[in-house]
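Please read the structure below before turning to the comments.
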There are 2 protein chains.
Amino acid sequence: MGVVSTGGRRERLRAETTAEIKRVALQLMASGGPDAITLRAIAREMGMTANAIYGYFATRDDLVTTLINEVYTALADTVEAAWAQAPAGRPAGRIQAWARAFRGWALANPEGFRLIYGDPVPGYEAPEGGAAPDAAYRICTGIAALADAAWPHAEQLHARSGFQWSDFDDGLLGKVRPAFPDLPPAGVALALRIWGHLHGLVSLEIYGHLRTQTVDPGKLFQEELNQLVRSLGIDPGE
Amino acid sequence: MGVVSTGGRRERLRAETTAEIKRVALQLMASGGPDAITLRAIAREMGMTANAIYGYFATRDDLVTTLINEVYTALADTVEAAWAQAPAGRPAGRIQAWARAFRGWALANPEGFRLIYGDPVPGYEAPEGGAAPDAAYRICTGIAALADAAWPHAEQLHARSGFQWSDFDDGLLGKVRPAFPDLPPAGVALALRIWGHLHGLVSLEIYGHLRTQTVDPGKLFQEELNQLVRSLGIDPGE
DNA sequence: ACAAAAACTTCACGGCGTATAGTCTCCTCA
DNA sequence: TGAGGAGACTATACGCCGTGAAGTTTTTGT
């Protein structure tokens with residue numbers, strides 16, 4: 001046999017079972033929150049014993065990690081696709097497409113959003129490697145690209161700020177920065193701020209803190225995007 | 001006896017035990033996350049049986065609810081105090097004081113922040129009444145006051161926005177709005193946006209999503225405040 | 001056909017929330 | 001003063017949970 005073989009019957013069954021475990025876990029999470037992901041519940045749903053899952057995932061945390069990786073990657077795919085699909089010549093449209101894709105995905109996958117950005121599980125500690133850091137990097141890159149697209153317009157507005165950019169220059173964004181050589185530290189800080197803005201509004205909405213104020217969160221988000229584009233000095237139609 | 005009596009020895013002991021349960025719970029949460037709040041662990045720490053706690057709190061969720069209420073109230077107290085302490089004549093300083101108090105409290109009580117704004121517990125559902133909605137209302141009121149203080153400066157900037165404020169007018173902020181009759185719907189939307197911005201940056205920081213980019217979050221937050229004051233059209237020294 | 005490997009089950013342990021029933025201590029009032 | 005009762009707490013038990021060890025069945029490669 002061999003781990004490299006891709007056509008073996010055993011490998012196929014194994015992959016299918018693995019996929020089913022993850023599918024059932026995601027579906028349990030969707031219906032009962034991240035805490036509903038219990039090995040016993042998954043096994044019950046699949047007509048197995050809880051311990052059988054240990055043949056596929058070393059521990060429950062491993063399963064959760066895998067789910068986070070996949071969900072995170074799906075989010076990164078979504079926003080990247082929205083970005084790529086919008087015409088490159090119109091920064092305002094691109095930025096709005098990215099942001100709307102972010103919020104749209106979060107609303108469509110609230111449990112996934114909590115899994116990525118919240119406290120996913122009792123005592124869960126994120127491991128070092130894996131796909132999640134990659135996905136996080138892709139999200140940050142998207143945000144940086146967003147600021148990069150806006151920077152020609154926004155630069156003069158931010159030049160007026162009295163902030164000490166030199167203090168910011170060192171090790172600001174370990175991995176993302178080199179991908180945008182034309183974006184100065186001030187621009188990266190702008191990117192992170194925009195990320196924070198969008199994350200905050202979506203997060204408040206997902207966790208129900210806007211609902212209690214009977215807001216129409218979609219309109220608030222649209223207003224955010226309008227003001228964002230304005231504050232970047234971009235012609236909204238551009 | 002009597003529920004109204006305040007001096008009874010029994011009542012005093014009871015109050016002390018209740019306070020100790022909450023204290024131990026908060027301390028467990030601080031050391032091991034919100035999930036570490038288990039009745040058995042609390043009882044172990046206190047030299048009691050887990051069931052003894054049922055004499056003080058009907059259920060574990062009741063205990064968590066009480067903790068959330070207290071923590072939430074503490075946060076509201078903190079930001080209100082910071083607001084009140086800053087001179088009323090300087091909107092920029094007041095706004096920054098509020099925001100810095102918010103972030104400062106969150107950093108000092110990260111588990112409390114998660115308890116309030118995150119997924120505090122497996123399957124926990126917030127009850128209707130209690131102090132938490134009050135605290136949430138006070139936070140929102142603080143944000144609205146912030147926008148109200150800035151509005152005289154910010155109004156002309158936001159008047160340029162092409163947004164349909166009339167669509168926003170109805171039921172925007174159920175309870176907070178009446179407290180600020182001079183603040184139009186556009187100002188309330190601004191308040192919520194600012195809230196989202198601050199919440200997003202603090203949330204990313206608390207949950208460790210900024211750390212992976214090796215940012216100095218304090219500086220980023222300060223830059224956020226600088227730009228916020230600027231975007232509101234307020235003289236930073238005012 | 002047979003041995004190895006993989007998949008899966010059974011049993012067991014400790015921890016969790018919590019329901020029920022029982023015990024012990026202290027206050028109250030006749 | 002002493003009996004009754006209320007309140008504080010314990011004991012036991014049930015069904016969840018993750019997980020480890022050992023055993024059983026099924027599949028695979030030679």
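What you see is a predicted model, and the numbers here were worked out from it, not measured in a lab. To find a chain, count down the sequence lines: A is the first, B the second, and so on, and within it residues start at 1.
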- Taking side chain as C-beta onward, heavy atoms only, is Phe57(A) less than 4.5 Å from Val64(A)? no

- Tell me, which pairs form a side-chain hydrogen bond (donor to acceptor under 3.5 Å, both in side chains) where one or both residues lie in residues 97-111 of chain B, sequence neighbours left out? Gln96(B)-Arg100(B), Arg100(B)-Gln222(B), Arg103(B)-Glu205(B)

Which atom pairs link the protein and nucleotides 22-24 of chain D when you take only N or O atoms and keep those under 3.5 Å?
none

- With sequence neighbours left out, write down each residue that passes side-chain contact (heavy atoms from CB on, under 4.5 Å) with Glu45(A), or none if nothing qualifies. Val24(A), Gln27(A)

- Message: Are Ile37(A) and Ile42(A) packed together at the side-chain level, in the sense that at least one heavy-atom pair is separated by less than 4.5 angstrom?
- Response: yes

- ring-ring contact (aromatic ring centres under 6.0 Å, His included) involving His197(A) - partner list, sequence neighbours excluded: His197(B)

- Item | Under the side-chain contact (heavy atoms from CB on, under 4.5 Å) test, residues paired with Arg23(B) that sit two or more places apart | Glu20(B)

What pairs of nitrogen or oxygen atoms, one from the protein and one from nucleotides 15-17 of chain D, lie under 3.5 Å apart?
residue, atom, partner, partner atom, Å
dC17(D), OP1, Thr38(A), OG1, 3.2
dC17(D), OP1, Arg44(A), NH2, 3.1
dC17(D), OP2, Arg44(A), NH2, 2.6

- Note on the structure: The bend of the helix from dA1(C)-dT30(D) to dA30(C)-dT1(D), taken between the axes of its five terminal pairs at each end and rounded to 10°, is 10°

- Note on the structure: Residues at least two apart in sequence or cross-chain that pass side-chain contact (heavy atoms from CB on, under 4.5 Å) with Leu26(B), listed by chain then number, are Met29(B), Leu67(B), Val71(B)

- Query: Base, sugar-phosphate alone, or nothing: which one does Tyr56(A) contact when heavy atoms must sit under 4.0 Å apart?
  - Reply: sugar-phosphate

- Qualifying salt bridge (Lys or Arg N to Asp or Glu O under 4.0 Å) pairs, either residue in residues 68-80 of chain A, two or more places apart: Lys22(A)-Glu70(A), Asp77(A)-Arg138(A), Glu80(A)-Arg138(A)

- Item | Interface with DNA chain C, restricted to residues 13-21 of chain A and to heavy atoms under 4.0 Å | Arg14(A)

- So His209(A) and Trp195(B), would you call those rings parallel, tilted or perpendicular, with 30° and 60° as cut-offs? perpendicular

- Item | Set of residues satisfying side-chain contact (heavy atoms from CB on, under 4.5 Å) with respect to Ala132(B), sequence neighbours excluded | Ile68(B), Asn69(B), Tyr72(B)

